[in-house]
Novice: 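Pasting in a structure now, in structure tokens, and then I'll have a few things to ask.
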Amino acid sequence: MEDLFGDSIPHDETTDPSTFADVILPVPIPRMFTYRVPRSMEKSIGIGHRVIVQFGRKKVLTGVIGKVHQKPPKDYQTKAILEVLDDQPVVNPLQIKFWFWMAEYYCCQIGEVMNAALPSGLKLSSESKVQLNPKFDPETSEFPIDDREQIILDALEKNAELTYEDCGKLLGIKSSYLIIKSLVIKEAVLVYEQVKEKYVPKVENRIKLKAPYATSKKALEALFEKLSKSTKQEEILLKYLQEVPVFHSPEKNEKGLEKKVITDAGLSPSSLKTLIKKEILEEFKVIVSRFDDLPTDDREIHLADFQQEGLSSIKEQFGQKQTVLLHGITGSGKTEIYIHLIREVLDSGSQVLLLLPEIALTTQIVGRLQKVFGSEMGIYHSKHSDNERVEVWQGVLSGRFSFVVGVRSAIFLPFDSLGMIIIDEEHEPSYKQFDPAPRFQARDAAIMLSWLHQSKTLLGSATPSYESFYNARTQKYGYVHLNKRFGEAQLPEFHIADILVDKKKNLLKLDFTRIMREKIQEALDRQEQILIFQNRRGYAPYMSCEECGWIPDCEHCDVNLTYHQYSEEMRCHYCGFKEKVPRACPACGSHKLTTVGIGTERLEESLSLLFPEARIGRMDLDTTRSKYAYQRIFDEFSSGNLDILVGTQMITKGLDFDRVTVVGIVDADRILYFPDFRSGERAFQQITQVAGRAGRRNRRGNVIVQTRRPDNVVFEKVIQGNYPEFYLTEMAERKRFFYPPFVKNIKITARHKESKIAEKASRHLTNLLKEIAIKKIILGPERALIGKIKNQYLFDIYVKLDKAGNTPAIFKHEMGKIIFDLNTQKEFKSVRFVVDVDPY
DNA sequence: AGCACGCCGACT
DNA sequence: GTCGGCGTGCTC
């Protein structure tokens, strides 16, 4: 054991154990830490248990045991594990394996993976607390106490404990460390670490009717007689009896009634208290689940012939392949197929994980699955609170949830016998985590996880990622194509509207071309609905001076500030910097400041001017921040209370609106001309996806795409629905210029607050990487697309690796050593090298 | 990543 | 003279 300030107390021979545990700690250091396992704990620990250990001088951390062994480390003293938190492991050995794979593959630290994997409710951290030393007597103390120390002691008379921060505040200084240290030496106070478990079970306050009244009708009648004067108490009892049939089913009385039901009905809480005091009602608490049991709908989901064929084909291919790509066009009913597969796997006793992109998770598909799988299904979502996440985690551990629908991070749940992982909308970029580390691609990681479980992976998409389609074509994956639609739904009619032509002819009004306006009007006249897609939220991207062209940019980053109308502010989306809109241009003094570009907020306004009679709604990150906002807007639109819905990505995911006949893409160029090798692939995917929202039943829909470059081939291919041909043209390019999937990409960003140092470090690294003796291409270093973020300068290096064999693994290993070496050189000590494997 | 230690400038 | 700035080294 060590005391607070790090002085080692010699080992006690009698407790010196021979068991050690390697603990994974949430720190970015590339190794585990070996702790001694006290004899008393030897029986209660194992891989996957959470433990509390002291790390460094005083901090205590929660870690997860990754390994238990008998080998005492020779070059350092071990500390003992302070506490074991769980009777049963919260993480299983398979997960530990998975974490290590992820750390290695994505070039990050095991602690970073653990941090991403555990819901924060399972992580604990400590806080230093100060309390009075009971042995301390100011009268007899031999040490003088100064004014500031006295302030702390006085405060501790009133409060049993204070944090370091509290002490700092009391004294009006930032760090109270030295003063507290002095008080500790003077034996006036004690300092200890308090660890708090963050997860709190949900407790419900319930009431039930007490014995004589609940069992004997006579007693109850007598009671009412007695209470006839106090109407309020009578009302409460009547309400209770109405909710709980006490004599009919005594077991319901045992379960009681939620106290809230009474108070919510507007009945007096004080009268309720009186009834409890009189021992007529009894109050008690129970721990309840945050997830309600939902009724299921047992009706068989019938598959159309072509779906049945698809299903059999998937199962057949799983015979030979671990992974199958289900390429099913919009409306082909992939969900029904998933449901059948999930049911089968669950019936065989294995677990199932269904991944969905973030935005799709709030939609109908979840409700539909819930109807089928009821309380067998867990939902793991970012809009869930920490406590809810912990409950899903525990639900998987306990076996309550054998099926989970979740976002990217759901791959970390403690499954022990997965039978299948389904990744819907497999091509979605949101499966890739950018920041912070681990920068993993959940689809790829899921395939690895699946392999560890010896289970199957099904990738579903209407427009597969080129990586997956390539793997299917090269026989690495199985492939099933569904190219029929449910019912008689027809492909929509496309109109490619040339923005520049309309502008010349003065037909472009408030960003809408003539054809777009006409089609909207026609739909409004027929009382049909319209979706307007623009992948940019806010009012307008930025402001500009009409006179001199001045554009406001961020002081700390290399980006323009984004204009937000509602707050009359300009904000930086990278560092959060914000500024009021200036009255005049700071460069030339002109008052002609205008907004440039189109955001959803501005479109909403334009539409209300163009179609004053229409009811218009907006769905984007800004309008759906709260937990149920999405559902509200969604319900309004689907019930027909809105005619036009303007939105970002969100409106394209998993929504089925029968009455939508017109879909407008305001600015296709924004998708098309993004400087990235994937822009073509993305444009095809996004336009197809948006178009798929139009006219899904019997009416043929209209899709209007506004662009300045109507001749781009992508439009032709989207209209034909010719995915394979567009794929082939794009792939020819990728092969020629060495892009994935023909090579493996790694991006390394050097970050430093001085541009010169960041650049020099990145150039150094580039040269050293070039010396690694394997087939590769190294590009850069070059200033990053956004060259400065939060006052840190960024330089990028792109590595293209031959995918053959284990060359990528060798390269990553060598690179790791090189970066480590560079970081030990004084010049580059403070340069951060951020490695992104398979970047987006 | 934190966090403590050490050495330097600008204040009572 | 002290406070607190941040550069540096370490964590089983």
Side-chain angles (χ1 to χ4, degrees), chain A residues 1-9 11 16-38 41 45 51-83 103 108-116 118 120 123-128 146-149 163-165 167-169 171-182 184-185 191 193 195 435-438 751-754 757 790-792 820 822-835:
Chain A
M1 284 295 279
E2 273 80 346
D3 74 9
L4 178 66
F5 296 106
D7 303 310
S8 230
I9 297 163
H11 280 179
D16 206 8
S18 55
T19 307
F20 296 89
D22 291 348
V23 179
I24 303 168
L25 292 174
V27 288
I29 301 164
R31 72 193 103 116
M32 294 197 277
F33 293 85
T34 307
Y35 285 84
R36 250 177 322 126
V37 179
M41 292 181 195
I45 61 137
V51 290
I52 295 177
V53 293
Q54 188 178 31
F55 186 67
R57 298 197 151 214
K58 60 174 205 143
K59 196 86 189 158
V60 292
L61 296 172
T62 340
V64 169
I65 296 182
K67 195 179 168 187
V68 179
H69 57 89
Q70 257 64 246
K71 256 204 314 266
K74 9 183 205 309
D75 33 0
Y76 53 84
Q77 281 262 301
T78 53
K79 288 176 181 168
I81 289 174
L82 300 177
E83 211 179 311
C108 68
Q109 266 59 57
I110 188 70
E112 294 174 316
V113 178
M114 181 181 81
N115 248 340
L118 291 180
S120 47
K123 290 178 260 182
L124 313 154
S125 67
S126 71
E127 199 170 32
S128 304
D146 71 23
D147 288 356
R148 288 193 302 189
E149 289 168 0
T163 64
Y164 271 45
E165 218 189 332
C167 296
K169 268 190 207 144
L171 301 171
I173 56 171
K174 274 200 179 155
S175 166
S176 53
Y177 172 73
L178 288 170
I179 291 154
I180 292 168
K181 187 175 175 176
S182 154
V184 171
I185 292 165
V191 177
E193 292 291 314
V195 183
D435 214 36
R751 212 167 23 172
H752 197 265
K753 62 180 184 327
E754 277 173 73
I757 293 180
K790 293 180 191 164
N791 289 323
Q792 300 257 314
F820 183 85
L822 276 178
N823 274 144
T824 57
Q825 289 175 29
K826 49 224 155 303
E827 198 182 0
F828 305 128
K829 201 153 272 180
S830 48
V831 179
R832 281 269 293 140
F833 295 101
V834 176
V835 179

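Here is the naming used below: chain letters follow the sequence lines, and residue numbers restart at 1 for every chain.
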Novice: Rounded to whole angstroms, how far apart are CG on A/D75 and P on C/dC12?
Specialist: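 For the pair A/D75 CG and C/dC12 P, the rounded distance is 13 Å.
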
Novice: Rounded to whole Å, how long is the line connecting atom CD of A/Q54 with atom C1' of B/dA4?
Specialist: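 Distance, rounded to whole Å: 14 Å.
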
Novice: Within the 4.0 Å heavy-atom criterion, would you say A/P73 contacts the bases, only the backbone, or no part of the nucleic acid?
Specialist: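 No contact at all - A/P73 keeps every heavy atom at 4.0 Å or more from the nucleic acid.
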
Novice: Nearest of C/dC12, C/dT11, B/dC3 to any side-chain atom of A/I29?
Specialist: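 Minimum distance to the A/I29 side chain belongs to C/dT11.
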
Novice: Rounding to a whole Å, what distance do you find between A/K753:NZ and C/dC6:C1'?
Specialist: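 Checked: the NZ to C1' distance equals 9 Å.
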
Novice: Should A/R31 be listed as having a side-chain N or O under 4.0 Å from OP1 or OP2 of C/dT11?
Specialist: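 A/R31 to C/dT11 OP1/OP2: no side-chain N or O under 4.0 Å.
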
Novice: Can you say whether the rings of A/H69 and A/F20 are parallel (under 30°), tilted (30 to 60°) or perpendicular (over 60°)?
Specialist: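 It falls in the parallel class, under 30°.
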
Novice: Between A/E112 (CD) and B/dA1 (P), how many Å, whole number?
Specialist: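 Nearest whole value for this atom pair: 8 Å.
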
Novice: Write down the distance between CE (A/M114) and C1' (B/dA1), rounded to a whole number of angstrom.
Specialist: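 Checked: the CE to C1' distance equals 12 Å.
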
Novice: How many angstroms lie between atom CD1 of A/I110 and atom CZ of A/R31, to the nearest 0.5 angstrom?
Specialist: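 If I round to the nearest 0.5 Å, the distance is 13.5 Å.
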
Novice: Choosing from C/dC12, B/dC3, B/dA1, which nucleotide comes nearest the side chain of A/R832?
Specialist: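 The answer is B/dA1, which lies nearest to the side chain.
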
Novice: Could you state the CG-P distance from A/L61 to C/dC12, rounded to the nearest angstrom?
Specialist: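 Whole-Å distance recorded here is 9 Å.
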
Novice: Checking contacts here: which listed nucleotide (B/dA1, C/dC12, B/dA4) is nearest the side-chain heavy atoms of A/Y76?
Specialist: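 Out of B/dA1, C/dC12, B/dA4, the nucleotide with an atom closest to A/Y76's side chain is C/dC12.
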
Novice: Mind checking if A/Y35 touches a base, just sugar-phosphate, or nothing, with heavy atoms under 4.0 Å?
Specialist: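 The answer is sugar-phosphate, as A/Y35 gets under 4.0 Å only of primed atoms, P, OP1 or OP2.
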
Novice: Sub-3.5 Å donor-acceptor pair from the side chain of A/Q54 to the main-chain atoms of A/R57, do we have one?
Specialist: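 Yes.
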
Novice: Please state whether the phosphate of C/dG7, meaning OP1 or OP2, lies under 4.0 angstrom from any side-chain nitrogen or oxygen of A/K826.
Specialist: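 For A/K826, the contact criterion (side-chain N or O under 4.0 Å from OP1 or OP2 of C/dG7) is not met.
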
Novice: Measure across A/I24 and A/G66 and return the closest heavy-atom pair with its distance rounded to 0.1 Å.
Specialist: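 Closest approach of A/I24 to A/G66: CD1-CA, 4.3 Å.
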
Novice: Using whole Å, what does the distance between atom P of nucleotide C/dG9 and atom CZ of A/F820 come to?
Specialist: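 Answer to the nearest Å: 12 Å.
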
Novice: Report the distance from atom OG1 of A/T34 to atom CD of A/Q77, rounding to the nearest 0.5 Å.
Specialist: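 The distance works out to 13.0 Å.
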
Novice: What is the distance, rounded to the nearest whole Å, between atom NZ of A/K59 and atom P of B/dC3?
Specialist: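 Roughly 4 Å, once rounded to whole Å.
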
